[in-house]
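Here the structure comes first, spelled out in structure tokens, and everything after it is commentary.
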Amino acid sequence: MKAMLTIEDLHVSVDGQPILKGLNLTVAAGEIHAIMGPNGSGKSTLAQVLAGKEDYEITSGRVTYRDQNLLDMLPEERARAGLFLAFQYPVEIPGVNNAYLLKAAVNAKRAARGEPLVDAFEFMQLVKERMAQVEISQEFLHRSVNEGFSGGEKKRNEILQMLMLEPELAVLDETDSGLDVDALRIVAGGVNSLRHPDRSMIVVTHYQRLLELIVPDRVHVLANGQIVKSGDKELARELDERGYDWVRTELAATPT
Amino acid sequence: MAFNGLYKDLPGSSAVDAQRKDAFERFMRAGLPTRRDEDWRYTEISALGEIDFRHAVAPPATAKQAAHHDPLPIRAGSKLTFVNGRYAPESSTINQSHRMLVHPLETNWTKLSDGFPGHERVFAHPLGLVNTAFTQLGAVISIPKNSHVDTPILLEFLQLSDDTLAVQPRLIIELAANSSAEVIVQHAGQSSATNWTNMVTEIHQSAGSKLTFIHVQEQGLAATHTCLTTAALKRDAHFSGGYFDLGGKLARNDIEIALDEHGASAELFGAFLPIQSQHADNHIKIDHRAPNTTSNEYFRGIAGPKSRGVFNGKVIVHKHAQKISAQQRSDNLLLDKTAEIDTKPELEIYADDVKCSHGATVGELDEQHLFYLQSRGINELAARALLTFAFANSSLDFIKDEALRTALSEKIAKRLPQHEKWERLT
């Protein structure tokens, strides 16, 4: 199977403090991978590094995205090449309305691919359809990005952006945290609607409940900056029942 | 002083003439303010005293006029046009329903048979002195009791001459009890001359009246623009004032609001954008003279290379003005190492049961915002330009008239560096 993303021996520090310590991961096209793990294990760092946040110091390792060296690319180049991060904490941007952002994002990607820019009519058709899908009212289009949105609305807005951009690789950073059952169903519905043999997803989460709705092909446990255990969806259930301590204990018992 | 020559053959009434004479004599003694005056420590205009100004020159052909002007939408209201220091009736339209309300001074000095109604307040201000001494154009807008003017009244002042003009417009707005109106003043025209416009707007609001007043200044980059707004509000009157200083080499905006009676309220908002080696200074004074009065200020400044912005917001709560509320925000953005913005909130409180808050920031764009936009495929330059625009644009949230808000938003966008980078995508 064709690899979408390959991470090899990735080491990342923040303020001189190592966070990722030799992480390896391969995601094939069409697969959904879940990354679980205790707080502070490096899950969000991984998501931010993939999107290109500058505050992280990559001390060694390689990340290959669709045959390109991802770490050499600017955040905007990554986005235009089809990588999308749904933020754990989407920022509020006063004065930039949602319609501007969505249209600029769609057009930036189209322009980079030599495609014609979206016209006003086509854009409205598309955005109305996608907004209905994530149950966001149309008045949100003319409001500033995330300003005054509830936690759940912010997360649904991330999914709306993802649906508009139709990324090849989506990274969802704890998109389920703070969501009620209904919002969780909407978010999962959005993600599942994008499932495609040429598209991959990395779902970072603490909770198994999301993975009941978005069924992953692989589940990985990230602890202390490394992937320490991988399995299929059953691993998520086991983690939910037994907690991360079980993995730690198991690891400690394994002779190195 | 070079101004002597301007003080002759001026129009008016006998009462206006007397006020002029007082103002002229006092001005000749006091001169223009200098940086030794605390209120003028950042802004130097005394060199204007050396320039040999003229009041007005003939307007150019209308085609040239149109080419130099980006008019504001007025939704079929009235428009008074003044070109090169003179009223231009041929370019003006007064809506049928406004005929009894809107009076160009040129043919209506008789309306001032008792002199300028706001003389006392205006006289106390150095810019007001100059205007009173030399004004020879402007308008009187009088809205009768219980009357609601639902289409805006626009006054446009165009500078299209290469002569050095000192244009001193005087605008008098009187709202009788429970009336309402919207007045927009636009100063435009890309003249390269070292013009000086010095406008005084005096506002008199009776009980329960509501005024929306929008000032848009987009003069040429050699021009000096100074203006003084004084407003006095009676019981439950409401003033909403928006100030957008986009052009001019030097702009100075003085706003003095007196909340004279119970329940009066004022909101002041705006943006100043000294971007191209420009200077923009705002001095606001709000007097809470009565209980239960409310004021809210929200200003955004953006300074570019070798440019400077000033925001000075003073709120005075007088002794018996209990249960008042005063809020002030001044947020500023520096686009370059050589940009400077000085912001200073001042509170003087002599009452004990008040709710006052103020916040002032001077900074750069938020890196989190930048990363968010980049992560959506927008390149760094475009993202910076969009965020800079957004920063100024949020000052338009107070404007209810959507067409006006859109027009102002476009004017703001055009002033900012690299705006085409993101506009191309939206």
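Just so we're on the same page: letters track the sequence lines, and every chain starts at 1. Values below: all heavy atoms of this structure, side chains included; hydrogens, waters and symmetry mates excluded.
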Show your working on side chain to side chain contact (heavy atoms under 4.5 Å, CB included) between A/Val145 and B/His369 and close with a plain yes or no. CA-CA 10 Å; A/Val145 175; B/His369 292 174; over 6 Å; no

Do any side-chain atoms of residues 127-134 of chain A form donor-acceptor pairs under 3.5 angstrom with protein atoms, and if so which ones, sequence neighbours left out?
residue: A/Arg130; atom: NE; partner: A/Leu163; partner atom: O; Å: 3.3
residue: A/Arg130; atom: NH2; partner: A/Glu166; partner atom: OE2; Å: 2.8
residue: A/Gln133; atom: NE2; partner: A/Ser193; partner atom: OG; Å: 2.9

Below 4.5 Å from any heavy atom of chain B, which atoms of [X] appear? Answer side chain, backbone, both or neither.
X	result
A/Asp119	neither
A/Pro90	both
A/Leu74	neither

Would you indicate whether [X], at its atom [atom1], is surrounded by more than 12 heavy atoms from other residues, nucleotides or ligands within a distance under 6.0 Å?
X	atom1	value
A/Asn69	CG	yes
B/Lys210	NZ	no
A/Lys103	NZ	yes
A/Glu139	CD	yes
B/Lys306	NZ	no

Just do the side chain to side chain contact (heavy atoms under 4.5 Å, CB included) check on B/Phe371 and A/Glu54 with the steps written out, would you? CA-CA 9 Å; B/Phe371 179 62; A/Glu54 269 181 9; over 6 Å; no

Let's test your reading of the structure: which of [options] forms the most heavy-atom pairs below 4.5 Å with chain B?
options	answer
A/Pro167, A/Ala108, A/Ala104, A/Ala79	A/Ala104
A/Arg78, A/Gln161, A/Lys109	A/Gln161
A/Glu158, A/Glu77, A/Arg110	A/Glu158

Say you draw a straight line from [atom1] of [X] to [atom2] of [Y]; how long is it, rounded to the nearest 0.5 Å?
X	Y	atom1	atom2	result
A/Lys53	B/Gln368	NZ	CD	4.5 Å
B/Arg424	A/Leu117	CZ	CG	7.0 Å
B/Asp366	A/Glu92	CG	CD	11.5 Å
A/Met162	B/Arg376	CE	CZ	10.5 Å

For [X] versus [Y], what's the shortest heavy-atom pair and its separation?
X	Y	answer
A/Asn107	B/Leu425	ND2-O, 2.8 Å
A/Pro94	B/Ala390	O-CB, 3.6 Å
B/Asn379	A/Arg80	CB-NH2, 3.2 Å

For the residue pair B/Tyr372 and A/Val96, establish whether any side-chain heavy-atom pair is separated by less than 4.5 Å. no

Decide yes or no on side chain to side chain contact (heavy atoms under 4.5 Å, CB included) for B/Leu373 and A/Leu101, but give the supporting numbers first. CA-CA 8 Å; B/Leu373 295 184; A/Leu101 172 62; 3.4 Å; yes

Between B/Glu423 and chain A, with a heavy-atom cut-off of 4.5 Å, which part of the residue counts as in contact: side chain, backbone, both or neither? neither

